[in-house]
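Read the structure below first, then the notes.
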Number of protein chains: 2
Amino acid sequence: MTKLNILPGTLDLIVLKVLSIEPLHGYAVSQRVQAASNGRLLLEEGSLYPALYRMERKGWIESEWQKTDNGRRARVYRLSDEGGRQLAQEEANWLGVSAVMGSILDLK
Amino acid sequence: MTKLNILPGTLDLIVLKVLSIEPLHGYAVSQRVQAASNGRLLLEEGSLYPALYRMERKGWIESEWQKTDNGRRARVYRLSDEGGRQLAQEEANWLGVSAVMGSILDLK
DNA sequence: CTCTATGCTTAGATTGTCTAAGTAACTCTA
DNA sequence: TAGAGTTACTTAGACAATCTAAGCATAGAG
């Protein structure tokens with residue numbers, strides 16, 4: 001079980017997908033990703049937060065400040081309709097890319 | 001069948017894999033990739049050639065000028081032993097990454 | 001003799017992620 | 001009650017990777 005870096009170009013897809021399950025704040029997003037990857041994939045904060053800001057500017061996600069269970073403030077993000085369409089598109093693109101990679105790695 | 005861009009971070013793996021089948025010159029590499037992807041994946045020349053130079057500097061591939069069938073000169077690249085090890089490593093990394101992506105995209 | 005395909009080269013822009021540092025508040029433990 | 005660890009966010013700058021775009025040169029087809 002080696003440590004893995006996120007593949008450049010897949011960060012938005014990952015975040016959109018996680019947020020499509022339920023609204024979460026940034027820190028929780030990074031924990032979800034770690035959990036879903038059995039701790040193998042680490043989403044750096046310096047990557048995650050700027051990505052959230054960028055995607056909010058693009059209208060893919062929306063946010064508001066809330067209090068968490070433990071009395072801390074956190075900015076909670078949720079997927080917008082446009083974000084849902086973007087997610088579908090990026091998901092399809094990923095499936096295409098990984099299929100192509102599969103056929104290349106299958107060469108003999 | 002949409003057009004696909006290469007995922008940043010997978011270029012070396014793609015080229016090493018193609019060269020592991022048989023030695024090829026740059027132009028042929030790009031054609032192999034297109035063929036293996038049913039024309040969906042285009043390897044830009046401005047990406048491919050610098051990648052070849054870079055990998056040769058690292059010792060992963062070796063090259064020599066040759067004449068092709070049609071009387072043109074071409075620099076033919078072949079995988080080195082070190083390149084073979086690098087390929088194995090990148091291939092394993094890809095499998096890990098795509099498995100992780102799969103489990104994230106499977107979230108419900 | 002012009003057009004298309006083959007084949008290579010390189011400068012610079014652009015994009016994306018990471019490194020690294022910082023702020024701040026809460027919880028647990030000694 | 002002081003300190004450590006966790007939660008949570010912010011941002012500047014570095015760095016790596018790919019693409020854009022332009023160019024050179026030759027061969028074969030029409």
Side-chain angles (χ1 to χ4, degrees), chain A residues 3-16 18 23-35 41-58 60-61 63-77 86 90 93-94 97 101, chain B residues 3-16 18 23-35 39 41-58 60-61 63-77 86 90 93-94 97 100-101:
Chain A
K3 266 288 194 53
L4 296 169
N5 293 322
I6 182 180
L7 263 188
T10 62
L11 176 56
D12 290 3
L13 170 54
I14 290 171
V15 173
L16 290 172
V18 174
L24 292 170
H25 57 268
Y27 195 79
V29 169
S30 75
Q31 290 187 318
R32 275 312 151 82
V33 171
Q34 274 197 71
L41 189 62
L42 180 64
L43 242 183
E44 301 293 341
E45 301 187 346
S47 307
L48 172 61
Y49 289 106
L52 289 170
Y53 309 150
R54 185 168 35 76
M55 291 196 279
E56 185 164 30
R57 277 201 308 279
K58 290 184 179 174
W60 300 347
I61 56 181
S63 72
E64 61 179 325
W65 285 104
Q66 288 184 10
K67 287 280 178 197
T68 62
D69 303 340
N70 26 13
R72 288 178 192 137
R73 45 149 225 164
R75 189 176 276 280
V76 173
Y77 293 88
Q86 181 67 22
E90 294 207 17
N93 186 69
W94 166 261
V97 168
M101 286 300 287
Chain B
K3 264 289 193 52
L4 297 170
N5 293 322
I6 182 180
L7 263 188
T10 62
L11 176 56
D12 291 2
L13 170 55
I14 290 171
V15 173
L16 290 172
V18 174
L24 292 171
H25 57 267
Y27 194 79
V29 169
S30 75
Q31 290 186 318
R32 275 311 150 81
V33 171
Q34 273 196 71
L41 189 63
L42 179 64
L43 243 182
E44 302 293 340
E45 300 186 346
S47 306
L48 173 61
Y49 289 105
L52 289 169
Y53 308 151
R54 184 168 35 77
M55 291 195 280
E56 185 165 30
R57 275 201 310 278
K58 290 185 180 174
W60 301 347
I61 57 180
S63 72
E64 61 178 325
W65 285 105
Q66 288 185 9
K67 287 281 178 195
T68 62
D69 302 340
N70 25 13
R72 287 179 192 138
R73 44 147 227 164
R75 190 176 276 277
V76 174
Y77 293 89
Q86 180 67 22
E90 295 208 15
N93 186 68
W94 166 259
V97 169
V100 163
M101 286 299 288

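In what follows, every chain begins at residue 1, and chains take the letters A, B, ... in the order their sequences are listed.
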Query raised in the report: Within the structure shown, what part of the strands sits under 4.0 Å from A/Thr10 by heavy-atom distance: base, sugar-phosphate, or nothing?
Result: sugar-phosphate
From CG of A/Asn5 across to C1' of D/dA17 the rounded distance in Å is 14 Å
Comparing B/Gly9 with B/Asn70, nearest DNA chain D nucleotide closer to 5' gives the residue B/Gly9
Between CG of B/Asp69 and P of D/dG28 the distance, given in whole Å, is 11 Å
Among the nucleotides C/dA25, C/dC8, C/dA5, whichever has the atom closest to the side chain of B/Glu45 is C/dC8
Rounded to whole Å, the CZ-P distance (B/Arg72 to C/dA5) equals 12 Å
Note: for A/Ile6 and A/Lys67 on DNA chain C, the residue whose nearest nucleotide lies more 5' is A/Ile6
Scanning both residues in full, the closest heavy-atom pair of B/Ile14 with B/Val33 reads CG2-CG2, 3.6 Å
From the list A/Leu4, A/Val97, A/Leu13, side-chain contact (heavy atoms from CB on, under 4.5 Å) partner of B/Met101 resolves to A/Leu13
Whole-Å distance, B/His25 NE2 to D/dT26 C1', equals 13 Å
When you check the phosphate oxygens OP1 and OP2 of D/dT18, does a side-chain N or O of B/Arg54 lie under 4.0 Å from one of them?
-> yes
Taking C/dT17, D/dA8, C/dT10 as options, the one with an atom nearest any side-chain atom of A/Thr68 is D/dA8
When B/Ala74 and A/Ala51 are each assigned the nearest nucleotide of DNA chain C, the 5'-most assignment goes to B/Ala74
Among the nucleotides D/dT18, C/dC8, D/dT20, whichever has the atom closest to the side chain of B/Glu44 is D/dT20
Quick one: label B/Gln31 by what it contacts on the DNA or RNA (base, sugar-phosphate, nothing), any heavy atom closer than 4.0 Å. sugar-phosphate
Quick note, B/Tyr53 side chain, CB onward, closest among C/dC8, C/dT19, D/dT11 is C/dC8
Margin query: Does a side-chain N or O of B/Tyr27 approach OP1 or OP2 of C/dC8 to a distance below 4.0 Å, or not?
Written below: no
Interatomic distance, CG@A/Leu43 vs OH@A/Tyr49, rounded to 0.5 Å, equals 10.5 Å
Between CD of B/Glu56 and C1' of C/dC8 the distance, given in whole Å, is 14 Å
- Message: Heavy atoms only, 4.0 Å cut-off, all strands: where does B/Gly46 land among base, sugar-phosphate and nothing?
- Response: base
Against the side chain of A/Leu11, the closest entry in D/dT20, C/dC18, C/dT17 is C/dT17
Minimal heavy-atom distance between B/Ala51 and B/Leu11, with the atoms involved, is CB-CD2, 3.7 Å
In whole angstroms, the gap separating C1' of D/dC19 from NZ of B/Lys3 amounts to 14 Å
From the list A/His25, A/Glu56, A/Glu64, side-chain contact (heavy atoms from CB on, under 4.5 Å) partner of A/Tyr77 resolves to A/Glu56
To the nearest angstrom, the CG-C1' distance between A/Leu43 and D/dA8 comes to 15 Å
Query raised in the report: Closer than 4.0 Å, any side-chain N/O of A/Ser47 to the OP1 or OP2 of C/dG16?
Result: no
When rounded to whole Å, the CG to P distance for the pair A/Leu48 and D/dT11 reads 14 Å
Open item on the list: For A/Asp12, is there any backbone N or O sitting under 3.5 Å from a side-chain donor or acceptor partner on A/Glu90?
Closed with: no
The nucleotide from D/dA8, C/dC8, C/dT17 with an atom nearest the side chain of A/Tyr49 is D/dA8
